[in-house]
Number of protein chains: 4
Amino acid sequence: MDTSSRQGRSAPTRAGRAGRSTRAGRATAAGESERRAAIVEIAAGLFAERGYRATTVREIADAAGMLSGSLYHHFDSKESIVDELLSSFLDELHAQYTAIAAARAGPSDTIAALARAAFAAIAGHRAAVTVFQNERGYLATLPRFAYLRTSEEASQALWLRALSEGIAGGELRADLDPKLTHRFLRDAIWVSVHWYRPDGPLGPDEMAEHFLATVFDGIRARGTGGDAPPAPAEVKTKR
Amino acid sequence: MDTSSRQGRSAPTRAGRAGRSTRAGRATAAGESERRAAIVEIAAGLFAERGYRATTVREIADAAGMLSGSLYHHFDSKESIVDELLSSFLDELHAQYTAIAAARAGPSDTIAALARAAFAAIAGHRAAVTVFQNERGYLATLPRFAYLRTSEEASQALWLRALSEGIAGGELRADLDPKLTHRFLRDAIWVSVHWYRPDGPLGPDEMAEHFLATVFDGIRARGTGGDAPPAPAEVKTKR
Amino acid sequence: MDTSSRQGRSAPTRAGRAGRSTRAGRATAAGESERRAAIVEIAAGLFAERGYRATTVREIADAAGMLSGSLYHHFDSKESIVDELLSSFLDELHAQYTAIAAARAGPSDTIAALARAAFAAIAGHRAAVTVFQNERGYLATLPRFAYLRTSEEASQALWLRALSEGIAGGELRADLDPKLTHRFLRDAIWVSVHWYRPDGPLGPDEMAEHFLATVFDGIRARGTGGDAPPAPAEVKTKR
Amino acid sequence: MDTSSRQGRSAPTRAGRAGRSTRAGRATAAGESERRAAIVEIAAGLFAERGYRATTVREIADAAGMLSGSLYHHFDSKESIVDELLSSFLDELHAQYTAIAAARAGPSDTIAALARAAFAAIAGHRAAVTVFQNERGYLATLPRFAYLRTSEEASQALWLRALSEGIAGGELRADLDPKLTHRFLRDAIWVSVHWYRPDGPLGPDEMAEHFLATVFDGIRARGTGGDAPPAPAEVKTKR
DNA sequence: TATGAATGAGCTTTCATTCAT
DNA sequence: GATGAATGAAAGCTCATTCAT
């Protein structure tokens with residue numbers, strides 16, 4: 001009766017995770033979902049490649065083998081397509097992050113697990129991550145995408161807790177600024193989607209290990225005696 | 001056929017800095033240059049704030065106190081404006097990078113100097129850096145902006161040399177992958193333009209020091225005896 | 001080539017009421033007719049409320065509890081729906097007008113009867129009257145709806161005959177222009193559909209009486225002696 | 001500086017009548033206004049002829065000898081065009097109505113003057129009146145056109161005052177319902193725009209006189225003795 | 001009969017750019 | 001140098017209609 005109930009659905013999806021597939025009788029819903037999902041995937045590739053705004057509805061339709069008007073049978077706007085892409089990706093990521101936090105491992109292990117989840121997401125949802133990275137700034141200005149901010153705050157909170165506990169407990173250096181550190185780590189992880197090649201030699205786990213090794217112990221060789229390499233001038237004498 | 005013929009001047013600028021301003025500014029040329037520079041700065045702010053493509057020529061003109069048609073007395077296209085913005089920023093950065101490399105300090109000091117130059121650029125050319133970060137992907141597809149790639153390769157070369165020499169000379173850990181390491185560092189530095197506030201409590205130097213401290217020695221507290229905190233499970237046993 | 005071939009049936013309907021329903025309703029035909037009638041009624045409400053062109057086929061289908069494509073099992077076009085609505089309404093009205101004229105009452109009584117029939121139609125066929133009022137102008141440009149004009153001419157003829165006879169016989173003022181008078185009366189009656197509320201305090205008969213009282217005797221109080229209120233300046237001294 | 005200040009102007013126009021032309025220096029403003037006015041007039045004709053929504057922006061532009069995009073140099077939307085048309089028409093009408101009310105003539109004279117002003121408007125602003133009549137229902141649903149309702153209420157108030165005073169003072173029949181009477185009169189006047197031909201034999205004043213004569217004294221011949229024509233059956237005995 | 005996917009033409013609007021003045 | 005009118009291509013979206021199932 002209300003056609004908008006089917007198409008403009010980011011809110012319900014995010015609000016309750018109780019979506020369409022809960023009940024049986026998925027005969028039609030499943031067919032519907034497949035087509036929708038296929039379109040979202042196609043669009044995601046284009047959005048990632050050339051940008052959300054630079055991708056036209058006609059290009060998406062072309063790539064999906066239909067006319068532009070036909071897209072509107074499945075989505076009520078171009079925005080709804082990115083919305084579905086980003087909200088389902090963030091839902092999934094958030095679920096993983098939450099599970100990691102709930103496991104209540106030690107700070108170092110938690111941090112490592114968060115990083116591994118992130119690199120796995122980069123490998124498994126390249127397009128979604130790319131779009132999120134590139135378009136977040138623009139999309140977050142639209143009320144509909146307020147959840148982009150919410151979502152970031154939630155994951156920041158998890159990182160901050162692990163970092164703070166690590167510092168307090170002596171596992172991490174006492175002179176770290178948790179917020180600043182989180183930002184550096186977050187950026188270094190996520191931006192790698194721009195150059196990471198899923199078909200290249202490194203799997204997501206290797207990326208994660210390399211990253212974690214660098215992050216935990218730094219890039220400087222550990223001095224084993226008196227012949228430690230000199231610290232870079234000024235590094236620790238700032239101001 | 002070649003739109004860069006008259007006013008699209010990135011090539012000459014980059015080729016040799018032999019531009020119009022060599023003969024010390026005659027009245028008109030100087031006035032012209034000032035006006036151009038003022039427009040570039042205004043446009044840069046808008047591009048950074050809302051994106052290159054999302055910024056209309058009219059908005060730039062409005063902000064510059066003229067009508068959109070009048071902009072074309074100074075620039076022959078919207079592209080020429082970003083071109084001037086990015087090419088002059090990259091020229092400057094490249095000059096600094098080259099000077100640092102020419103100083104031939106040790107690897108650690110070179111890396112520290114490169115990082116400091118980058119953070120200084122972020123603080124001093126916020127808009128240019130932001131535009132570069134956000135629009136590079138799109139712009140680099142245009143032949144005119146091929147130099148965006150060239151420029152990145154050049155600076156990558158400098159970083160890689162310092163990292164490789166550091167590894168070879170024992171200053172840096174032997175198990176580092178120079179390319180991968182460079183990418184992590186580069187991203188962590190530059191993406192900070194998105195959240196760095198020039199009027200906030202941290203100056204660019206403080207940002208650099210915090211970054212360098214983390215990067216050189218890691219976030220893990222150094223064990224001083226037998227009570228070293230445990231390594232995160234699996235971190236070094238991957239595969 | 002002729003879209004009215006199968007289901008666009010205004011012509012047959014109007015031509016002789018010899019339609020499908022002649023052979024007293026077989027199960028399917030009757031069911032079909034009911035469904036059609038229900039759809040017409042639903043559509044009429046929407047057309048009246050938001051306009052014929054502004055009402056989408058999807059909205060009609062939604063309101064009828066089916067999908068837009070399914071509507072085309074009952075009607076071969078959106079036009080066919082209005083056509084059925086207007087032609088059946090006009091058929092009925094025309095039948096009443098004809099009966100009134102056939103009664104050959106005196107001019108005043110004929111006029112009063114015509115007006116009563118019109119107000120009754122407004123009360124009983126709100127939606128049809130509204131659509132007729134609002135869309136006649138547009139629809140009459142389509143060949144298919146030529147009967148809209150025909151119909152108006154027919155009823156105009158009846159009104160004109162009554163008015164002319166009234167003037168000729170001395171019942172009505174000698175200085176009336178029949179055509180002009182008819183138009184004023186017709187408009188004043190029919191346009192009331194825009195503000196008439198069937199659930200309000202006035203029934204159609206009360207509307208008719210109020211209208212007729214005003215029309216026959218005017219709004220000015222009848223002077224009973226020398227103290228008649230003054231005529232409005234100029235009213236009778238035109239030019 | 002703010003381009004919207006020039007184009008979306010129904011509010012200022014209606015709000016204060018202190019428009020652009022108050023100060024001298026109309027060189028540019030006048031040229032601007034002429035073009036705008038010409039476009040409004042062209043569009044008005046099309047809107048009146050085929051309806052607001054059925055008229056495409058391209059048709060307006062064609063008729064104005066430009067491309068559809070060029071229209072947006074003068075108006076920021078199709079709505080702005082009707083807005084300018086209707087608001088300036090209503091402003092003018094309202095000014096006349098107000099002047100008539102301010103003259104404080106007797107009720108009959110006031111009513112006659114209001115009717116004359118209306119018929120003059122019909123003759124002088126055919127297109128605007130037609131558009132107002134036909135599109136009011138749709139447009140009034142848009143917040144921007146709330147003034148359509150306001151305007152009607154204001155003129156209704158003037159009519160009601162004159163009618164009520166006439167009834168109270170004995171000039172008009174005591175059994176009139178002022179509201180109902182106003183509606184009949186209003187409709188009979190304004191709907192005539194649909195059939196009035198400005199190049200026909202009747203001028204607006206003649207229309208007004210004919211209307212007023214009918215309205216004040218009715219269409220029935222005045223009985224001068226015992227041979228008064230019979231009242232239509234039931235007319236005064238209803239219920 | 002009904003569904004739902006798809007069509008295709010057309011809509012309003014945006015915008016970088018041109019050019020006579 | 002600046003104006004402002006105009007261009008023309010393209011954008012996102014709508015909608016009556018068709019048709020295989």
Side-chain angles (χ1 to χ4, degrees), chain A residues 3 6 27-29 31-32 34-36 39 53-61 64-81, chain B residues 3 28 31-32 35 53-61 64-81, chain C residues 3 28 31-32 35 53-61 64-81, chain D residues 3 6 27-29 31-32 34-36 39 53-61 64-81:
Chain A
T3 64
R6 212 172 66 241
T28 54
E32 237 265 87
E34 277 171 37
R35 206 81 177 88
R36 275 177 80 91
I39 292 170
R53 276 163 298 177
T55 302
T56 72
V57 163
R58 276 182 184 66
E59 285 166 342
I60 299 171
M66 56 175 68
L67 290 176
S68 70
S70 308
L71 268 186
Y72 289 81
H73 186 66
H74 302 281
F75 293 91
D76 59 3
S77 69
K78 191 182 164 190
E79 272 183 15
S80 292
I81 304 180
Chain B
T3 63
T28 51
E32 235 273 88
R35 206 91 175 81
R53 277 162 296 177
T55 303
T56 73
V57 165
R58 251 211 267 287
E59 285 166 342
I60 301 171
M66 56 177 66
L67 291 178
S68 68
S70 308
L71 266 186
Y72 288 80
H73 282 288
H74 302 284
F75 294 92
D76 63 357
S77 69
K78 191 182 166 188
E79 274 182 13
S80 294
I81 305 179
Chain C
T3 64
T28 52
E32 236 273 89
R35 207 90 176 82
R53 277 163 296 177
T55 302
T56 72
V57 165
R58 252 212 267 287
E59 285 166 342
I60 300 170
M66 55 176 67
L67 291 178
S68 68
S70 308
L71 266 187
Y72 287 80
H73 283 287
H74 303 283
F75 294 92
D76 64 357
S77 70
K78 193 182 166 189
E79 274 183 12
S80 294
I81 304 179
Chain D
T3 64
R6 216 176 61 242
T28 54
E32 237 264 87
E34 277 170 37
R35 206 83 178 87
R36 276 176 79 90
I39 292 170
R53 277 164 296 179
T55 302
T56 74
V57 164
R58 271 207 254 282
E59 285 166 341
I60 300 171
M66 55 176 66
L67 290 175
S68 70
S70 307
L71 267 186
Y72 288 79
H73 187 65
H74 303 283
F75 294 91
D76 59 3
S77 68
K78 191 182 165 189
E79 273 183 14
S80 292
I81 304 180

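Sequence lines set the chain letters: A, B, ... in the order given, protein chains first and strands last, and positions in each chain run from 1.
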Self-check item: Nearest-Å distance for atom pair CZ/C1', residues B:F75 and E:dT18
Solution: 18 Å

Quiz item: When the nearest nucleotide of DNA chain F is assigned to D:I39 and to A:G69 on a heavy-atom basis, which residue is associated with the more 5' position?
Solution: D:I39

Practice problem: Any chance you could measure B:R35, atom CZ, to B:F75, atom CZ, to the nearest 0.5 Å? | Solution: 10.5 Å

Exercise. Verify the contact: side-chain N or O of A:Y72 to OP1 or OP2 of F:dT14, cut-off strictly under 4.0 Å; return yes or no.
Key: no

Practice problem: Check every strand shown and say whether D:T56 touches a base, only sugar-phosphate, or nothing at a heavy-atom separation below 4.0 Å. | Solution: sugar-phosphate

Self-check item: Interatomic distance where NE2 belongs to A:H73 and P belongs to E:dG4 [whole Å]
Solution: 8 Å

Quiz item: How many Å lie between CG on A:L67 and C1' on E:dA5, as a whole number?
Solution: 12 Å

Practice problem: Provide the Watson-Crick or G-U wobble partner of F:dT7, both distances under 3.5 Å; none if there is no partner. | Solution: E:dA16

Practice problem: Specify the closest pair of heavy atoms between A:V57 and A:S68, including all atoms of both residues, with the distance to one decimal. | Solution: CG1-CB, 4.0 Å

Exercise. Look at the side chain of D:V57 and decide which nucleotide, out of E:dT13, E:dA6, F:dA2, has an atom nearest to it.
Key: E:dT13

Self-check item: Where D:M66 and D:S70 come nearest, the two heavy atoms and their spacing
Solution: SD-CB, 3.7 Å

Quiz item: From the list E:dA5, E:dA2, F:dG12, which nucleotide is the closest neighbour of the side chain of A:H74?
Solution: E:dA5

Quiz item: Which base sits across from F:dT21 as a Watson-Crick or G-U pair, both distances under 3.5 Å?
Solution: E:dA2

Quiz item: With rounding to whole Å, what would you report as the distance between F:dT21 and E:dT1 at their P atoms?
Solution: 22 Å

Quiz item: Below 3.5 Å, does any donor atom in the side chain of A:R58 face an acceptor in the base of F:dG12, or the other way round?
Solution: yes

Practice problem: Taking the side chain as every heavy atom from C-beta outward, state whether C:R53 and D:R53 have any atom pair closer than 4.5 Å. | Solution: no

Quiz item: How many angstroms lie between OG in A:S80 and CD1 in A:I39, if you round to the nearest 0.5 Å?
Solution: 12.0 Å

Quiz item: Is the shortest side-chain N/O distance from A:S70 to OP1 or OP2 of E:dA5 below 4.0 Å?
Solution: no

Practice problem: Between C:L71 and A:S68, name the one whose nearest nucleotide on DNA chain E is closer to the 5' end. | Solution: C:L71

Self-check item: Distance, rounded to the nearest Å, where A:K78 contributes NZ and F:dA10 contributes C1'
Solution: 12 Å

Practice problem: In whole angstrom, give the distance that lies between atom CD of C:E79 and atom C1' of F:dA16. | Solution: 11 Å

Self-check item: 5' precedence on DNA chain E between A:M66 and B:R53 (nearest-nucleotide basis)
Solution: A:M66

Self-check item: Length of the line joining B:E59:CD and E:dT14:P, which is rounded to integer Å
Solution: 12 Å

Exercise. For F:dC13, give its Watson-Crick or G-U wobble partner with both distances under 3.5 Å, or none.
Key: E:dG10

